[in-house]
A.B. asks: 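Just dropping this structure here.
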Protein chains: 2
Amino acid sequence: MPLRSTSAATPSRQLDHPEPADIRLEEVLHACADPMRLRIIQALAADAAAACGEIGLACSKSTATYHFRVLREAGVITQRYQGTAKVNELRRADLDAVFPGLLDALLASATAQAGRTREA
Amino acid sequence: MPLRSTSAATPSRQLDHPEPADIRLEEVLHACADPMRLRIIQALAADAAAACGEIGLACSKSTATYHFRVLREAGVITQRYQGTAKVNELRRADLDAVFPGLLDALLASATAQAGRTREA
DNA sequence: CTCATAGTTCGACGACTCTCGAACCTCGAT
DNA sequence: ATCGAGGTTCGAGAGTCGTCGAACTATGAG
(Lines give C-alpha, C1' and ligand atoms only; values in the text may rest on other atoms or scores of the structure.)
Protein backbone atom coordinates (compact mmCIF):
# COMPACT_ATOMS: atom_id res chain seq x y z
CA MET A 1 0.00 0.00 0.00
CA PRO A 2 1.57 3.16 -1.32
CA LEU A 3 0.95 5.75 1.35
CA ARG A 4 -2.75 6.03 2.15
CA SER A 5 -3.37 8.58 -0.51
CA THR A 6 -6.03 11.01 -1.61
CA SER A 7 -8.97 8.82 -0.74
CA ALA A 8 -11.66 7.87 1.73
CA ALA A 9 -11.19 7.55 5.47
CA THR A 10 -8.82 9.65 7.55
CA PRO A 11 -11.60 10.02 10.16
CA SER A 12 -9.82 12.61 12.18
CA ARG A 13 -6.27 11.37 12.06
CA GLN A 14 -6.01 8.84 14.84
CA LEU A 15 -2.88 8.67 16.98
CA ASP A 16 -1.67 5.60 18.80
CA HIS A 17 -0.94 5.95 22.46
CA PRO A 18 0.33 3.00 24.50
CA GLU A 19 -1.86 1.62 27.25
CA PRO A 20 -0.55 2.42 30.73
CA ALA A 21 0.31 -1.24 31.19
CA ASP A 22 2.45 -1.13 28.06
CA ILE A 23 4.56 1.81 29.13
CA ARG A 24 8.16 0.65 29.52
CA LEU A 25 10.57 2.31 31.89
CA GLU A 26 13.49 2.05 29.48
CA GLU A 27 11.53 3.85 26.81
CA VAL A 28 10.35 6.57 29.14
CA LEU A 29 13.91 7.15 30.27
CA HIS A 30 15.20 7.13 26.74
CA ALA A 31 12.50 9.60 25.76
CA CYS A 32 13.52 11.92 28.59
CA ALA A 33 17.25 11.56 27.97
CA ASP A 34 17.31 13.99 25.07
CA PRO A 35 17.76 17.71 25.77
CA MET A 36 15.17 18.75 23.21
CA ARG A 37 12.57 16.35 24.55
CA LEU A 38 13.37 17.24 28.13
CA ARG A 39 12.57 20.85 27.30
CA ILE A 40 9.30 19.80 25.75
CA ILE A 41 8.40 17.95 28.91
CA GLN A 42 9.28 20.91 31.07
CA ALA A 43 7.23 23.22 28.89
CA LEU A 44 4.24 20.89 29.13
CA ALA A 45 4.70 20.59 32.87
CA ALA A 46 4.49 24.35 33.14
CA ASP A 47 1.72 24.99 30.64
CA ALA A 48 -0.48 21.90 30.97
CA ALA A 49 -1.21 21.78 27.25
CA ALA A 50 0.42 23.29 24.23
CA ALA A 51 0.51 22.94 20.48
CA CYS A 52 3.72 21.73 18.91
CA GLY A 53 4.58 25.14 17.60
CA GLU A 54 3.90 26.99 20.83
CA ILE A 55 7.00 25.61 22.46
CA GLY A 56 10.02 27.45 21.19
CA LEU A 57 11.90 24.53 19.72
CA ALA A 58 15.14 25.37 17.95
CA CYS A 59 14.73 22.87 15.15
CA SER A 60 12.91 22.19 11.93
CA LYS A 61 9.28 21.15 11.86
CA SER A 62 10.13 17.61 10.88
CA THR A 63 12.51 17.26 13.78
CA ALA A 64 9.84 18.56 16.13
CA THR A 65 7.37 16.03 14.77
CA TYR A 66 9.92 13.33 15.40
CA HIS A 67 10.50 14.27 19.02
CA PHE A 68 6.82 14.57 19.83
CA ARG A 69 6.26 11.17 18.31
CA VAL A 70 9.00 9.62 20.44
CA LEU A 71 7.41 11.09 23.54
CA ARG A 72 3.95 9.90 22.57
CA GLU A 73 5.09 6.37 21.72
CA ALA A 74 6.94 6.11 25.01
CA GLY A 75 3.73 7.02 26.78
CA VAL A 76 4.97 10.32 28.14
CA ILE A 77 2.52 12.61 26.37
CA THR A 78 -0.83 12.48 24.64
CA GLN A 79 -1.48 14.24 21.37
CA ARG A 80 -4.80 15.12 19.83
CA TYR A 81 -5.78 17.21 16.88
CA GLN A 82 -7.66 20.40 17.43
CA GLY A 83 -8.38 21.98 14.14
CA THR A 84 -5.15 22.45 12.32
CA ALA A 85 -3.09 22.31 15.49
CA LYS A 86 -1.95 19.34 17.51
CA VAL A 87 -2.27 19.67 21.24
CA ASN A 88 0.22 17.96 23.52
CA GLU A 89 -0.26 17.06 27.13
CA LEU A 90 1.74 15.23 29.77
CA ARG A 91 0.30 11.88 30.87
CA ARG A 92 0.75 12.75 34.51
CA ALA A 93 -1.90 10.47 35.92
CA ASP A 94 -0.95 7.46 33.83
CA LEU A 95 2.74 7.83 34.53
CA ASP A 96 2.11 8.28 38.19
CA ALA A 97 -0.02 5.17 38.29
CA VAL A 98 2.63 3.06 36.61
CA PHE A 99 5.79 4.66 38.00
CA PRO A 100 4.79 6.53 41.14
CA GLY A 101 6.89 9.57 41.79
CA LEU A 102 9.06 9.20 38.73
CA LEU A 103 7.72 12.12 36.75
CA ASP A 104 7.85 14.44 39.72
CA ALA A 105 11.42 13.45 40.51
CA LEU A 106 12.33 13.96 36.89
CA LEU A 107 10.77 17.40 36.68
CA ALA A 108 12.32 18.42 39.97
CA SER A 109 15.70 17.21 38.74
CA ALA A 110 15.38 19.09 35.50
CA THR A 111 14.50 22.24 37.39
CA ALA A 112 17.36 21.72 39.82
CA GLN A 113 19.81 21.29 37.00
CA ALA A 114 18.52 24.34 35.20
CA GLY A 115 19.05 26.30 38.40
CA ARG A 116 22.56 24.94 38.83
CA THR A 117 23.43 25.80 35.24
CA ARG A 118 21.99 29.29 35.37
CA GLU A 119 23.85 30.36 38.48
CA ALA A 120 27.19 29.57 36.88
CA MET B 1 52.40 5.97 20.71
CA PRO B 2 51.77 2.27 20.55
CA LEU B 3 49.64 1.61 23.61
CA ARG B 4 51.37 2.76 26.79
CA SER B 5 53.38 -0.40 27.17
CA THR B 6 55.43 -2.20 29.77
CA SER B 7 56.83 0.85 31.49
CA ALA B 8 56.74 3.24 34.42
CA ALA B 9 53.68 4.76 36.06
CA THR B 10 50.25 3.13 36.33
CA PRO B 11 50.09 4.09 40.03
CA SER B 12 47.07 2.04 40.76
CA ARG B 13 44.97 2.54 37.66
CA GLN B 14 43.07 5.72 38.33
CA LEU B 15 39.45 6.02 37.23
CA ASP B 16 37.76 9.30 36.43
CA HIS B 17 34.50 10.00 38.16
CA PRO B 18 32.58 13.20 37.49
CA GLU B 19 32.19 15.68 40.31
CA PRO B 20 28.64 15.84 41.65
CA ALA B 21 28.27 19.30 40.11
CA ASP B 22 29.18 17.88 36.72
CA ILE B 23 26.57 15.15 36.73
CA ARG B 24 24.09 15.83 33.94
CA LEU B 25 20.52 14.66 34.08
CA GLU B 26 20.42 13.72 30.41
CA GLU B 27 23.42 11.46 30.84
CA VAL B 28 22.07 9.83 33.95
CA LEU B 29 18.81 9.12 32.16
CA HIS B 30 20.59 7.82 29.11
CA ALA B 31 22.72 5.60 31.32
CA CYS B 32 19.61 4.18 32.96
CA ALA B 33 17.69 3.78 29.73
CA ASP B 34 19.45 0.57 28.73
CA PRO B 35 18.11 -2.79 29.97
CA MET B 36 21.53 -4.17 30.72
CA ARG B 37 22.59 -1.12 32.69
CA LEU B 38 19.27 -0.95 34.48
CA ARG B 39 19.89 -4.47 35.73
CA ILE B 40 23.33 -3.49 36.90
CA ILE B 41 21.84 -0.62 38.85
CA GLN B 42 19.22 -2.84 40.41
CA ALA B 43 21.85 -5.38 41.38
CA LEU B 44 23.96 -2.69 43.00
CA ALA B 45 20.93 -1.28 44.77
CA ALA B 46 20.33 -4.68 46.29
CA ASP B 47 23.90 -5.65 47.06
CA ALA B 48 25.55 -2.32 47.91
CA ALA B 49 28.80 -3.27 46.20
CA ALA B 50 29.76 -5.91 43.70
CA ALA B 51 32.55 -6.78 41.31
CA CYS B 52 31.81 -6.64 37.62
CA GLY B 53 31.75 -10.38 37.32
CA GLU B 54 29.50 -10.97 40.30
CA ILE B 55 26.46 -9.63 38.52
CA GLY B 56 25.17 -12.23 36.13
CA LEU B 57 25.43 -10.23 32.94
CA ALA B 58 24.52 -12.06 29.77
CA CYS B 59 27.23 -10.53 27.62
CA SER B 60 30.92 -10.64 26.87
CA LYS B 61 33.50 -9.15 29.19
CA SER B 62 34.20 -6.26 26.88
CA THR B 63 30.53 -5.39 26.69
CA ALA B 64 30.31 -5.45 30.46
CA THR B 65 33.31 -3.13 30.69
CA TYR B 66 31.57 -0.79 28.29
CA HIS B 67 28.34 -0.62 30.30
CA PHE B 68 30.11 -0.09 33.60
CA ARG B 69 32.10 2.71 32.04
CA VAL B 70 28.95 4.41 30.76
CA LEU B 71 27.47 4.25 34.25
CA ARG B 72 30.63 5.59 35.84
CA GLU B 73 31.03 8.45 33.38
CA ALA B 74 27.42 9.46 33.87
CA GLY B 75 28.08 9.64 37.60
CA VAL B 76 25.78 6.79 38.54
CA ILE B 77 28.36 4.45 40.04
CA THR B 78 31.86 4.53 41.45
CA GLN B 79 34.47 1.97 40.55
CA ARG B 80 37.66 1.17 42.39
CA TYR B 81 40.19 -1.55 42.05
CA GLN B 82 40.56 -4.10 44.79
CA GLY B 83 43.28 -6.49 43.87
CA THR B 84 42.45 -7.94 40.50
CA ALA B 85 38.75 -7.19 40.83
CA LYS B 86 36.89 -3.95 40.27
CA VAL B 87 34.29 -3.05 42.79
CA ASN B 88 31.22 -1.11 41.75
CA GLU B 89 28.96 0.95 43.94
CA LEU B 90 25.95 3.18 43.44
CA ARG B 91 26.59 6.88 44.09
CA ARG B 92 23.47 7.15 46.18
CA ALA B 93 24.50 10.13 48.28
CA ASP B 94 25.86 12.16 45.38
CA LEU B 95 22.87 11.49 43.18
CA ASP B 96 20.50 12.31 45.96
CA ALA B 97 22.28 15.57 46.60
CA VAL B 98 22.10 16.63 42.98
CA PHE B 99 18.77 15.12 41.96
CA PRO B 100 16.82 14.51 45.15
CA GLY B 101 14.50 11.55 44.94
CA LEU B 102 15.42 10.61 41.41
CA LEU B 103 17.33 7.45 42.15
CA ASP B 104 14.68 6.19 44.55
CA ALA B 105 11.94 6.84 42.05
CA LEU B 106 13.94 5.08 39.40
CA LEU B 107 14.61 2.03 41.51
CA ALA B 108 11.00 1.87 42.62
CA SER B 109 9.88 2.14 39.00
CA ALA B 110 12.22 -0.62 37.93
CA THR B 111 10.92 -2.84 40.70
CA ALA B 112 7.33 -2.01 39.85
CA GLN B 113 7.89 -2.86 36.22
CA ALA B 114 9.63 -6.11 37.09
CA GLY B 115 6.62 -7.00 39.20
CA ARG B 116 4.21 -6.14 36.42
CA THR B 117 6.18 -8.19 33.94
CA ARG B 118 6.53 -11.19 36.21
CA GLU B 119 2.85 -11.50 36.99
CA ALA B 120 1.99 -11.77 33.29
C1' DC C 1 -12.16 28.10 -4.45
C1' DT C 2 -7.86 29.64 -2.83
C1' DC C 3 -4.74 30.47 0.60
C1' DA C 4 -2.12 30.37 4.66
C1' DT C 5 -1.10 27.81 8.66
C1' DA C 6 0.24 23.67 11.14
C1' DG C 7 1.97 19.50 10.94
C1' DT C 8 3.41 14.94 8.35
C1' DT C 9 6.08 11.83 5.50
C1' DC C 10 9.91 10.45 3.01
C1' DG C 11 14.63 9.69 1.98
C1' DA C 12 19.11 10.80 3.25
C1' DC C 13 23.09 11.65 6.04
C1' DG C 14 26.46 11.65 9.83
C1' DA C 15 26.96 10.49 14.48
C1' DC C 16 26.41 7.58 18.14
C1' DT C 17 25.21 2.86 20.48
C1' DC C 18 25.74 -1.72 21.53
C1' DT C 19 27.82 -5.76 20.56
C1' DC C 20 31.65 -8.79 19.92
C1' DG C 21 36.46 -11.36 19.57
C1' DA C 22 41.30 -11.07 19.83
C1' DA C 23 45.07 -9.47 22.05
C1' DC C 24 46.58 -7.40 25.99
C1' DC C 25 47.57 -5.80 30.96
C1' DT C 26 47.60 -6.46 36.47
C1' DC C 27 47.43 -8.56 40.41
C1' DG C 28 47.88 -12.34 43.59
C1' DA C 29 49.15 -17.06 44.04
C1' DT C 30 52.07 -20.91 43.13
C1' DA D 1 59.16 -16.64 36.82
C1' DT D 2 55.01 -18.19 35.51
C1' DC D 3 50.12 -18.74 35.60
C1' DG D 4 45.22 -17.89 35.86
C1' DA D 5 41.42 -14.97 36.90
C1' DG D 6 39.49 -10.59 36.15
C1' DG D 7 39.34 -6.51 33.27
C1' DT D 8 40.83 -3.42 29.50
C1' DT D 9 41.67 -1.82 24.81
C1' DC D 10 41.21 -1.87 20.11
C1' DG D 11 39.05 -2.30 15.90
C1' DA D 12 34.92 -3.47 13.50
C1' DG D 13 30.11 -4.24 12.32
C1' DA D 14 25.05 -3.79 12.55
C1' DG D 15 21.77 -0.91 14.01
C1' DT D 16 19.52 3.17 15.98
C1' DC D 17 19.22 8.29 16.65
C1' DG D 18 18.72 13.10 15.55
C1' DT D 19 18.78 16.16 12.02
C1' DC D 20 17.33 18.22 7.81
C1' DG D 21 14.79 19.79 3.29
C1' DA D 22 11.42 18.92 -0.07
C1' DA D 23 7.11 17.57 -1.10
C1' DC D 24 2.88 16.59 0.88
C1' DT D 25 -1.76 16.64 3.55
C1' DA D 26 -5.39 18.65 6.65
C1' DT D 27 -8.11 22.48 8.50
C1' DG D 28 -10.07 26.89 8.84
C1' DA D 29 -10.51 31.74 7.02
C1' DG D 30 -11.51 35.00 3.43
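All chains are named by letter (A, B, ...) in the order of the sequence lines, taking the proteins before the strands, and each is independently numbered beginning at 1. Keep in mind it's a predicted model, so treat the numbers as computed, not measured.
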A.B. asks: For C/dC18, does OP1 or OP2 lie under 4.0 Å from any side-chain N or O of B/Thr63?
C.D. replies: no

A.B. asks: Take atom CZ of A/Arg69 and atom C1' of D/dC17, then tell me their distance rounded to the nearest Å.
C.D. replies: 11 Å

A.B. asks: Mind calculating the distance between CD1 (B/Ile55) and P (D/dG6) to the nearest angstrom?
C.D. replies: 14 Å

A.B. asks: Distance check needed: C/dT26 P versus B/Leu15 CG, whole Å only.
C.D. replies: 13 Å

A.B. asks: Taking atom types as modelled and ignoring hydrogens, do the side chains of A/Glu26 and B/Gln113 form a donor-acceptor contact shorter than 3.5 angstrom?
C.D. replies: yes

A.B. asks: Using atom CG of A/Leu38 as one end and atom P of D/dC17 as the other, report the distance to the nearest whole Å.
C.D. replies: 18 Å

A.B. asks: Please round to the nearest 0.5 Å and tell me the distance separating atom CG of A/Asn88 and atom CD1 of A/Ile40.
C.D. replies: 7.5 Å

A.B. asks: NE2 of A/His30 versus P of D/dG18: gap in Å, rounded?
C.D. replies: 4 Å

A.B. asks: Please report, rounded to the nearest Å, how far the P atom of C/dC27 is from the CZ atom of B/Arg80.
C.D. replies: 16 Å

A.B. asks: Please tell me whether A/Thr63 and A/Ser60 have a donor and an acceptor in their side chains that are separated by less than 3.5 angstrom.
C.D. replies: yes

A.B. asks: Quick check for you: to the nearest 0.5 Å, what is the distance between B/Ile77 atom CD1 and B/Ile41 atom CD1?
C.D. replies: 8.5 Å

A.B. asks: How do A/His67 and B/Phe68 order along DNA chain D: which one's closest nucleotide is nearer the 5' end?
C.D. replies: B/Phe68

A.B. asks: Can you tell me if B/Arg37 touches the phosphate of C/dC18, counting only side-chain N or O atoms and a distance under 4.0 Å to OP1 or OP2?
C.D. replies: yes

A.B. asks: Identify which nucleotide among C/dC20, D/dG7, C/dT17 has an atom closest to any side-chain atom of B/Thr65, counting heavy atoms from C-beta outward.
C.D. replies: D/dG7

A.B. asks: Starting at atom CD of B/Glu54, determine the distance to atom P of D/dG6, rounded to an integer number of angstrom.
C.D. replies: 10 Å

A.B. asks: Of A/Thr84 and A/Ala58, whose closest DNA chain D nucleotide lies nearer the 5' terminus?
C.D. replies: A/Ala58

A.B. asks: What is the nucleic acid contact for B/Ala64, judged by heavy atoms within less than 4.0 Å: base, sugar-phosphate only, or nothing?
C.D. replies: nothing

A.B. asks: Starting from C1' on D/dC10, measure out to OH on B/Tyr66 and report it in whole angstrom.
C.D. replies: 15 Å

A.B. asks: Could you tell me whether the side chain of A/Ser62 has a donor or acceptor atom within less than 3.5 Å of a complementary atom in the base of D/dG21?
C.D. replies: yes

A.B. asks: Are B/Met36 and B/Leu38 co-members of a hydrophobic cluster defined by side-chain heavy atoms under 4.5 Å apart?
C.D. replies: yes

